[in-house]
There are 2 protein chains.
Amino acid sequence: MLTIGKLGQAAGVKVPTIRYYEQIGLLPEAERSAGNQRLYSRKALDRLTFVRHARELGFTLDAIRDLLSLSDHPDQPCAAADAIAKAQLAEIEKRLARLASLKVELNRMVVQCAGGKIADCRVIEVLSDHSLCATDHRHLQDEKDH
Amino acid sequence: MLTIGKLGQAAGVKVPTIRYYEQIGLLPEAERSAGNQRLYSRKALDRLTFVRHARELGFTLDAIRDLLSLSDHPDQPCAAADAIAKAQLAEIEKRLARLASLKVELNRMVVQCAGGKIADCRVIEVLSDHSLCATDHRHLQDEKDH
DNA sequence: TTTAATGTCTCTAGCTACTGTAGCTTCAAG
DNA sequence: CTTGAAGCTACAGTAGCTAGAGACATTAAA
């Protein structure tokens with residue numbers, strides 16, 4: 001049995017975060033020692049490690065709740081888990097594309113900068129460019145072009 | 001001139017969020033109509049769209065403040081601006097590296113999931129498996145560059 | 001065995017970046 | 001001139017933690 005500190009170390013999660021997870025019902029209530037301190041099993045460590053990995057991959061706590069309940073019922077088809085992961089992947093790909101173009105632009109600025117002044121800064125342009133925009137909010141752009 | 005609702009639609013930002021941005025000084029105070037309603041220009045739309053995309057990329061509001069001030073003073077000598085740009089660039093490179101490795105991981109999760117049961121689901125498996133845990137026990141925010 | 005250090009307990013408050021609510025006013029269409 | 005959507009301010013609540021206070025528990029050294 002592990003105390004909360006050891007568990008946190010083993011899973012790479014801070015102690016208050018573990019208590020927080022318990023509080024919001026993401027982790028079950030822990031057993032207590034005679035002195036009222038939380039005690040954790042190996043299974044609890046696995047569960048917490050799962051949570052940490054999922055957080056690192058950008059899953060929300062709600063998504064993780066779903067994944068946990070899915071993993072508690074291993075006989076069902078995994079379409080739901082797959083969908084959650086795919087949504088996450090799509091999100092990351094969007095971010096990668098936009099970050100890459102912002103990087104190019106900032107790089108260009110820094111290079112220009114070596115010479116003295118920043119002429120025609122396009123940082124805002126790059127990030128306000130609707131062609132890179134996943135969701136289409138363009139319906140009012142025609143109006144603004146006049 | 002756009003009202004706040006039109007602006008929000010055009011930029012893909014909710015109306016209360018725009019007011020919030022003004023409140024914290026990220027956006028300048030808007031002009032007001034005779035009836036005290038906010039009015040926005042095309043320039044304001046660009047600025048807000050920029051903010052939205054930067055937020056989607058994971059920049060903090062403070063970082064966005066810096067980027068905005070960078071683009072607001074393109075004629076100034078570069079010394080200060082250069083530092084901001086370089087800092088943001090370094091930040092972007094860290095994010096890119098991290099996102100790229102997350103993408104690999106998520107892809108691996110999704111690929112083998114087609115039609116299986118949860119018992120064999122890579123999504124659950126990868127998140128549970130400690131041996132696949134490349135990161136030693138560091139905090140979530142820490143970078144992962146090896 | 002005493003003592004000091006460290007760990008854990010609960011509770012509360014704070015943080016960032018929003019999001020929603022209540023109760024009112026303004027505006028544009030009919 | 002009415003009516004309904006959209007605007008206003010002010011304040012409360014959300015996610016996902018994080019930090020602090022003050023008290024009790026556990027452990028290792030003296």
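Here is how names work: the chains are called A, B, and so on, in the same order as the sequence lines, proteins then strands, and each is numbered from 1. Just so you know, these numbers use all the heavy atoms, side chains as well, and skip hydrogens, waters and symmetry mates.
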> Taking only residues two or more places apart in sequence or in another chain, which ones pass side chain to side chain contact (heavy atoms under 4.5 Å, CB included) with A:Glu93?
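Result, side chain to side chain contact (heavy atoms under 4.5 Å, CB included) vs A:Glu93: A:Leu89, B:Lys103.
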> I need the CD-P distance between B:Glu31 and D:dG7, as an integer number of Å.
16 Å
> Please enumerate all residues that pass side chain to side chain contact (heavy atoms under 4.5 Å, CB included) together with B:Arg55, with sequence neighbours excluded.
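Listed in chain order: B:Tyr21, B:Val51, B:Leu61, B:Ile64.
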> Please list, chain by chain and in numerical order, all residues satisfying side chain to side chain contact (heavy atoms under 4.5 Å, CB included) with B:Glu31, sequence neighbours excluded.
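With neighbours one apart ignored, the set is B:Met1, B:Leu39.
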> From CD1 of A:Ile18 over to P of D:dG16, roughly how many Å is that when rounded to an integer?
17 Å
> Send over the distance from A:Glu56 CD to D:dG16 C1', rounded to a whole Å.
15 Å
> DNA chain D: A:Pro16 or A:Ala34, which has the more 5' nearest nucleotide?
A:Pro16
> One character per nucleotide, please: for nucleotides 2-11 of chain C, 5' to 3', B when the base has a protein heavy atom closer than 4.0 Å, S when only the sugar-phosphate does, - otherwise.
-----BSSB-
> Considering all heavy atoms of both residues, which atom of B:Leu67 and which atom of B:Phe50 are nearest to each other, and what is their separation?
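Scanning both residues completely, I find the closest heavy atoms to be CB-CZ, 3.7 Å.
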> Within the 4.0 Å limit for protein heavy atoms, which parts of nucleotides 12-18 of chain C are touched? Write it as a string from 5' to 3', B for base, S for sugar-phosphate only, - for none.
-----BB
> Under the rule for side chain to side chain donor-acceptor pair (under 3.5 Å), what residues qualify as partners of B:Asp62, not counting sequence neighbours?
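Side chain to side chain donor-acceptor pair (under 3.5 Å) check on B:Asp62 returns nothing, list empty.
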> From CG of B:Leu2 over to P of D:dA6, roughly how many Å is that when rounded to an integer?
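In whole Å, D:dA6 P and B:Leu2 CG are 15 Å from each other.
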> Can you tell me if A:Thr49 uses its side chain to pair, donor with acceptor, with the backbone of A:Leu45 under 3.5 Å?
yes
> Is A:Glu22 salt-bridged to A:Arg38, cutoff N-O under 4.0 Å?
yes
> Take A:Val13 and A:Leu7 through the test side-chain contact (heavy atoms from CB on, under 4.5 Å) and record every step on the way to the result.
CA-CA 8 Å; A:Val13 175; A:Leu7 178 76; over 6 Å; no
